[in-house]
Amino acid sequence: MIVGAGFAGYRAARVLSRLTRHKADITLLNPTDYFLYLPLLPQVAAGILEPRRVTVSLTGTLPDVRLVLGEADAVDLDGHTVHYTGPEGDGGTLPFDRLILAAGSVNKLLPIPGVAEHAHGFRGLPEALYLRDHVTRQMELAASADDPASCAERCTFVVVGAGYTGTEVAAQGKLFTDSQVRRRPLRAGMRPRWLLLDIAERVLPELDESLSRTADRVLRQRGVEVRMGTSVKEATHRGVLLTDGEFVDTRTLVWCVGVRPDPLAESLELPLEKGRLLVDPHLQVPGRPGLFAAGDAAAVPDLEKPGAYTPMTAQHAWRQGKAVAHNVAASLGLGERRAYRHRDLGFVVDLGGVKAAANPLGVPLSGVAAGAVTRGYHLAAMPGNRVRVAADWLLDAVLPRQAVQLGLVRSWSVPLDTASPEVARVPGGPEKARAGNPGPAGEPRAGEGAEPADAIQDPDAGKHAEPPGPVKEPDLIQDADAAKHAEPPGPVKEPDLVQDADADADADADAAKHAEPPGPGKQPDLVQAPEDTPGASSDAPAVHKHRPRDPSALAPPEPGSPASSEGDS
């Protein structure tokens with residue numbers, strides 16, 4: 001049984017199926033039917049790649065592996081079973097002889113007022129699709145705005161976290177908005193404004209200084225405001241208050257401060273290291289012969305740096321997936337065990353266009369050469385869709401990007417405080433214990449994964465606000481017209497699907513007339529070697545339930561440590 005189909009889980013399933021050659025039954029439990037190639041996700045948000053280009057079919061590439069769609073919510077280590085919840089709310093139990101925990105990571109939260117309500121993360125495909133639609137909508141609304149202040153707010157974008165993901169999002173996003181302005185100019189003298197914030201001293205603090213200097217130079221030349229030593233002190237529906245005292249009027253807050261291990265690891269009640277399951281160099285949990293872990297959910301000893309653990313990166317997850325597969329096969333009598341040992345071969349950072357920063361085999365590169373190396377690496381590393389990705393890159397080089405809103409993902413569908421960023425929330429859909437405290441009939445309780453109003457809101461929103469209830473800022477990414485079509489005051493209810501800001505943006509004024517009246521109680525470190533590229537006891541069994549949140553998520557960062565340095569996978 002393999003839980004999770006990220007870099008570690010997917011690689012483990014692929015290698016293990018080859019090693020066992022039908023001598024073992026392999027089951028892969030994952031919420032989606034695809035493996036997501038996360039390093040190219042910023043290009044999806046920027047309109048360069050279509051969403052399916054960065055996904056690889058699990059059933060198509062793992063023919064000898066049984067795929068079960070669902071999320072693990074309880075593990076019975078003594079009874080050797082995993083309980084899961086399926087995508088339609090149905091539950092099930094799966095048995096195992098060997099368990100590989102590769103549940104990955106989720107958005108890292110910090111105790112900053114307003115962030116959980118108003119920011120959006122960047123860990124899954126739904127979040128990338130939402131950000132692309134939102135940025136496009138804000139640019140279109142800014143171009144037609146009569147009020148200069150409203151125009152400035154809408155074309156201002158704040159990215160928090162200058163690690164791998166945040167840097168690429170800011171770099172690609174600036175090019176995306178500039179291309180839209182060329183076709184539809186803003187008010188005289190106005191340009192899209194992108195801010196990249198981090199409490200660290202430099203961009204990409206976890207990478208080599210040469211890469212950091214290159215990325216910083218490219219970002220500043222492109223017009224991105226890089227502010228090191230600065231972060232968000234408070235977020236509201238109309239902007240963010242920075243730690244230096246400045247208030248930035250904005251309708252967009254992208255949260256890329258790093259990741260935290262999936263809460264499933266903590267629910268096992270085994271020894272942890274900062275939320276990660278402690279394993280030995282063979283990726284096996286001490287005292288549990290049938291339990292293995294790899295990727296972001298595992299604290300793997302770094303044999304190259306005694307006393308340290310490998311960082312939470314895609315490169316380590318990919319390599320650990322291969323190692324854990326060999327060790328599981330060895331536990332079945334097939335081959336020999338091997339300790340996980342790894343030496344970094346370099347890094348690549350795609351900065352958009354022909355610009356990139358890379359240091360393959362320690363050789364620092366920038367400009368076109370780095371861009372070629374970066375894209376060549378991604379094509380070699382992807383386990384599928386290489387021709388389609390290359391075709392999209394070619395089309396992007398010769399044709400203008402399509403800046404249209406598809407409206408497929410709403411703001412409330414991708415809350416920041418979720419343990420399932422890979423799955424967009426749907427109205428009336430099943431609520432997992434991992435995503436919050438579920439309410440009756442599948443409705444989330446207010447303030448815990450509920451469907452919040454869209455995040456960027458009209459100044460007149462207060463006029464149409466719901467009656468007083470628990471204080472809650474409206475979500476930070478939203479249309480200006482959302483408040484105008486809000487339901488009249490009534491008993492507190494969760495926002496209905498028609499009240500989503502994204503839908504209201506395209507609805508006409510008559511929609512509100514037919515709305516249901518209020519009723520009571522409704523509620524990478526990513527460069528890798530070419531050969532590794534894909535082609536207390538009791539009588540009752542101990543059931544470890546999934547906890548909804550890692551308590552360490554709300555702990556402030558350690559002094560001197562950058563908020564973004566803990567693992568952009």
Side-chain angles (χ1 to χ4, degrees), residues 1-13 15-16 19 24 26-30 72-84 94-105 260-303 306-312 316-342 434 536-538 541-547 550-552 567:
M1 163 74 68
I2 302 172
V3 176
F7 279 89
Y10 178 83
R11 187 80 185 281
V15 174
L16 190 57
L19 294 175
I26 305 172
T27 299
L28 179 61
L29 177 63
N30 197 60
D73 49 35
V75 178
D76 182 354
L77 295 176
D78 296 327
H80 289 261
T81 58
V82 174
H83 184 272
Y84 70 94
L94 298 170
F96 67 84
D97 296 307
R98 306 289 188 275
L99 174 63
I100 301 176
L101 180 64
S105 55
R260 57 189 171 101
D262 190 286
L264 181 61
E266 182 198 4
S267 73
L268 299 179
E269 298 182 356
L270 294 173
L272 300 173
E273 171 62 27
K274 295 183 178 180
R276 304 161 70 188
L277 197 61
L278 279 170
V279 298
D280 60 23
H282 299 93
L283 305 173
Q284 187 171 354
V285 177
R288 293 285 180 174
L291 179 59
F292 299 79
D296 290 354
V300 182
D302 191 339
L303 299 183
Y309 297 94
T310 58
M312 298 165 65
H316 282 292
W318 187 255
R319 299 289 187 87
Q320 289 169 10
K322 179 180 179 180
V324 76
H326 279 276
N327 292 333
V328 169
S331 73
L332 300 173
L334 303 172
E336 297 181 356
R337 294 204 310 167
R338 57 176 66 179
Y340 177 72
R341 186 182 297 272
H342 170 68
R434 63 193 300 164
S537 62
S538 66
V543 178
H544 307 280
K545 295 184 178 180
H546 200 310
R547 299 183 180 179
D550 179 4
S552 65

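Between His342 and Thr310 there is no side-chain heavy-atom pair separated by less than 4.5 Å. Residues Val279 and Val324 have side chains not in contact (no heavy-atom distance under 4.5 Å, counting atoms from C-beta outward). For the pair Val300 and Gln320, the minimum side-chain heavy-atom distance is below 4.5 Å. Two residues are said to be in side-chain contact when any heavy atoms from C-beta on lie closer than 4.5 Å; Val285 and Leu268 fail this criterion. When side chains are defined from C-beta on, Val15 counts as touching His326, because their heavy atoms get closer than 4.5 Å. Residues Val3 and Ile100 are not in side-chain contact: their nearest non-hydrogen atoms beyond the backbone lie 4.5 Å or more apart.
Between the side chain of Asn327 and the backbone N or O of Arg338, at least one donor-acceptor pair lies under 3.5 Å. With Arg276 contributing its side chain and Tyr309 its backbone, the two residues share no donor-acceptor pair below 3.5 Å. The closest donor-acceptor contact from the side chain of Asp302 to the backbone of Ala308 lies at 3.5 Å or more, if one exists at all.
Using a 30° and 60° split on the angle between ring planes, Trp318 and Phe7 fall in the perpendicular class, above 60°.
In this structure, CD1 in Ile26 is found 12.5 Å from CZ in Arg98, a value given to the nearest 0.5 Å. Distance check, rounded to the nearest 0.5 Å: CG of Leu101 to CG of Leu291 gives 7.0 Å. The distance from the OG1 atom of Thr81 to the CG atom of Asp76 is 4.0 Å, given to the nearest 0.5 Å. Distance check, rounded to the nearest 0.5 Å: CG of Leu28 to CE of Met1 gives 9.0 Å. Rounding to the nearest 0.5 Å places OG1 of Thr27 at 8.5 Å from CD1 of Ile2.
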Please evaluate residues His80 and Asp97 with respect to the criterion side chain to side chain donor-acceptor pair (under 3.5 Å), reporting the C-alpha separation (whole Å), side-chain torsions for both, the decisive distance (0.1 Å), and the verdict. CA-CA 7 Å; His80 289 261; Asp97 296 307; 5.6 Å; no

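Of all heavy-atom pairs between Glu273 and Ala299, the closest is CB-CB, 3.7 Å. Between Leu29 and Tyr84, the shortest heavy-atom distance links the atoms CD2-CB, 3.8 Å. Shown here for Pro286 and Leu278, the closest heavy-atom pair between the two residues is CD-O, 3.7 Å. Shortest non-hydrogen contact noted between Ala72 and Val82 is CB-CG1, 3.8 Å. Summarising the geometry of Ala325 relative to Leu19, their closest heavy-atom pair is O-CD1, 3.9 Å, with the distance given to 0.1 Å. Between Leu303 and Ala339, the shortest heavy-atom distance links the atoms CD1-CB, 4.0 Å.
Using a 3.5 Å distance cut-off with no hydrogens or angles, the side chains of Gln284 and Ser331 do not pair a donor with an acceptor.
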